[in-house]
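Labels below follow one simple rule: chain letters A, B, ... track the order of the sequence lines, proteins then strands, and each chain is numbered from 1.
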There are 2 protein chains.
Amino acid sequence: MSSEHTHYPMPYVRVDLCVFTLMQGVLSVLLIQRQEPPHRGAWALPGGALRIDIEKTLEDAAKRVARERLQVPIPYLREQGFVGGQGHYESGKWAISIVYRALVRSEYFAPEPGKRVAGTQWIPVEEAIADEHLPFGHTGVIEAAAAALRQEVEALDFPFEILDSEFTLGELQHQSEVLLGTKLDKSSFRRRLAARDHLEPTGTMTQGSASRPAQLYRVKKRTT
Amino acid sequence: MSSEHTHYPMPYVRVDLCVFTLMQGVLSVLLIQRQEPPHRGAWALPGGALRIDIEKTLEDAAKRVARERLQVPIPYLREQGFVGGQGHYESGKWAISIVYRALVRSEYFAPEPGKRVAGTQWIPVEEAIADEHLPFGHTGVIEAAAAALRQEVEALDFPFEILDSEFTLGELQHQSEVLLGTKLDKSSFRRRLAARDHLEPTGTMTQGSASRPAQLYRVKKRTT
DNA sequence: TTAATAGTGTCTATCAGACATTATTTG
DNA sequence: CAAATAATGTCTGATAGACACTATTAA
């Protein structure tokens, strides 16, 4: 009896990135303009073929995709999910997309069109979701990824990666507000944060801020 | 310039199932004993190669895997996630597992060893998670899937699929308690349920129960 | 009657949001 | 001084859990 995995044809496997940032106070997602078919000229999530000949993990692949397509290194990668099926990428052909999610600081993450990319663009998530024309089912992917991100922020299971290593609670609150798209109450926000017990004061304060100095905090080292 | 997806070697792609049920009041997961290498003889999640030659979607693949390996049809499939990398399935080789989660009623879901399966077994989730010897990283997969399932139940975003089409609130609460592994307060459970507004009374009551008859409920049709 | 479960009401602790107040800096 | 933000306190409304109580059936 033949082994179960002998010589079945395998699908085309891609790794796609859903990279979010805050642009002018709005949660935005990074799209690239495709330089190659299918959907040449269209805007879509950055992604690329999985290269099992040169990498060992899916996360490696996601990082390489960022380097190649966007010419920047990428932190904060989280597994988002998968989509696929026959005709997912090219008509009639089988393809699977493995999707990773990221959140970056736009000051430090300046994507430049790389290999097979004609252009890059941050577009507000709400616009992206409203745009039914995104290829490869990316509209749905972005919607799901943004929901997952916002749920993290609401639970204060926060991607602290996008702040400096030391930050004030005011800065943290502001980031959260922009990510969620709503105002938060200061008192309540701090109470909830304290309950999570993930932060600790550094002992030093901000200086020269034209207002009262604020305590700086850092993320506690995990005792996992 | 060559197209981005020409002739890269692709990984072996599997679809694995994390099927849960309630056995004797304990949340349990279905394992199969492998009849083929790798890990011949070991117990692991049921799964199989993606067959792009005979199916069109990943969900189709998951359903076929259930038919072939377990000889039963499967309802309630949810996307769970992915794992993979070099050596994930066979030493040195690249493989990806697409994982679907399911919850079934053990009275109606009687798996029988199918193709390449030496045996099937329900084992309590806590035991499975404690067992570090499960191959293919399935320990972690089961842990994540059970957490996702329990989160659904806690939020009363409930897999009503595992109940009869008409059921009492007592039955529903009992199912939830077993899934979560904790007792719930009746009054509070009903209040939260009412707030969700997902159920409606059928108008008829249970009969012959040696205790007070209970109102039967059904799931409201979604107005999505 | 008792046993069993259904169904509901009440009390309380918790917690998040609203809002006020005081503190501390620069200009 | 005013303007700005930090930091904290207080009140209130919503909600979940604990618990009690009544209701309705079979045996």
Once you round it to whole Å, what is the distance between [atom2] of [N] and [atom1] of [X]?
{"X": "B:Gln215", "N": "C:dT5", "atom1": "CD", "atom2": "C1'", "answer": "15 Å"}
{"X": "A:Glu154", "N": "C:dG17", "atom1": "CD", "atom2": "C1'", "answer": "14 Å"}
{"X": "B:Leu193", "N": "C:dG7", "atom1": "CG", "atom2": "C1'", "answer": "14 Å"}
{"X": "A:Gln207", "N": "C:dT24", "atom1": "CD", "atom2": "P", "answer": "16 Å"}
{"X": "A:Met205", "N": "C:dT24", "atom1": "CE", "atom2": "P", "answer": "9 Å"}

Write down the atom of B:Ser97, the atom of B:Asp16, and the distance for their closest heavy-atom approach.
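For B:Ser97 versus B:Asp16, the nearest heavy atoms are OG-OD2, 2.7 Å.
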Contact summary for B:Thr168 and B:Ala214, nearest pair of heavy atoms:
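Nearest pair, atom of B:Thr168 first, then B:Ala214: CG2-CB, 3.7 Å.
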Which listed nucleotide (C:dT5, C:dT26, C:dT25) is nearest to the side chain of B:Ser211?
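My answer, after comparing the listed nucleotides, is C:dT5.
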Of the options C:dA23, C:dG7, C:dA18, whose atoms approach the side-chain atoms of A:Arg212 most closely?
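The answer is C:dA23, which lies nearest to the side chain.
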Can you check salt bridge (charged side-chain N to carboxylate O under 4.0 Å, His left out) on A:Glu143 and A:Arg150, steps first, answer last?
CA-CA 11 Å; A:Glu143 191 168 9; A:Arg150 285 183 167 140; over 6 Å; no
Check: C:dA16 base within 3.5 Å donor-acceptor of A:Arg192 side chain:
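Donor-acceptor pair under 3.5 Å: no.
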Could you tell me whether the side chain of A:Arg191 has a donor or acceptor atom within less than 3.5 Å of a complementary atom in the base of C:dG17?
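In this structure, the two groups form a donor-acceptor pair.
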Straight-line distance of B:Glu200 CD to B:Tyr217 OH, nearest 0.5 Å:
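One finds 10.5 Å between CD of B:Glu200 and OH of B:Tyr217.
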Could you list where the contact with chain A starts and ends along DNA chain D, reading 5' to 3', using a 4.0 Å heavy-atom cut-off?
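First and last nucleotides in contact are D:dA4 to D:dT10.
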